[in-house]
Amino acid sequence: MSLAEQIRPITYLKTSAAEIVKEFAENPEPIIITQNGEAKMVVMDIHEYEKQQETMALLKLLALGRKEFQEGKYSDAETFLDEMDD
């Protein structure tokens, strides 16, 4: 489903909250809520939100690792394994 099809006015959220919850069982795509024609919030399925948070945490770890590598804060595998044995 396209993003444009997932845009709803705030009145839809107010009048259709129970329906939105039911729809997430079939279509977990986030819904963009607008107020006065401006996007203001996103409503999404809790499981999709949790997956998104896990993905963000992994991306942060990768970015941190890359930064440390670029700064020379790393050791080769042999040194690492030797330190693990101590």
Side chains of I20 and R8: closer than 4.5 Å at any heavy-atom pair? no
Does E78 CD have over 12 foreign heavy atoms under 6.0 Å away? no
The criterion is side-chain hydrogen bond (donor to acceptor under 3.5 Å, both in side chains); which residues satisfy it with D76, sequence neighbours excluded? T79
Are any non-hydrogen side-chain atoms of E29 and E5 less than 4.5 angstrom apart? no
Provide the full list of salt bridge (charged side-chain N to carboxylate O under 4.0 Å, His left out) pairs with a residue in residues 35-47, sequence neighbours left out, each pair given once. E38-K40
Measuring from T55:OG1 to K60:NZ, what's the distance to the nearest 0.5 Å? 12.0 Å
side-chain hydrogen bond (donor to acceptor under 3.5 Å, both in side chains) against K14, all qualifying residues, sequence neighbours excluded: none
Q6 to P30 - nearest heavy-atom pair and separation: NE2-O, 3.2 Å
When rounded to the nearest 0.5 angstrom, what is the spacing between CG in L64 and CD in E68? 4.5 Å
For the student: nearest non-hydrogen atoms of P9 and T34, plus distance: CA-OG1, 3.4 Å
Spatial distance of atom CZ (F24) from atom CD1 (I31) [nearest 0.5 Å]: 4.0 Å
Say you draw a straight line from CE of M44 to CD1 of I32; how long is it, rounded to the nearest 0.5 Å? 10.5 Å
Rounded distance (nearest 0.5 Å) linking atom CG of L58 with atom CD of Q53: 11.5 Å
Should the pair K51-E54 be classified as a salt bridge under the 4.0 Å nitrogen-to-oxygen rule? no
Supply the atom-to-atom distance K67 NZ to K73 NZ, rounded to the nearest 0.5 angstrom. 6.5 Å
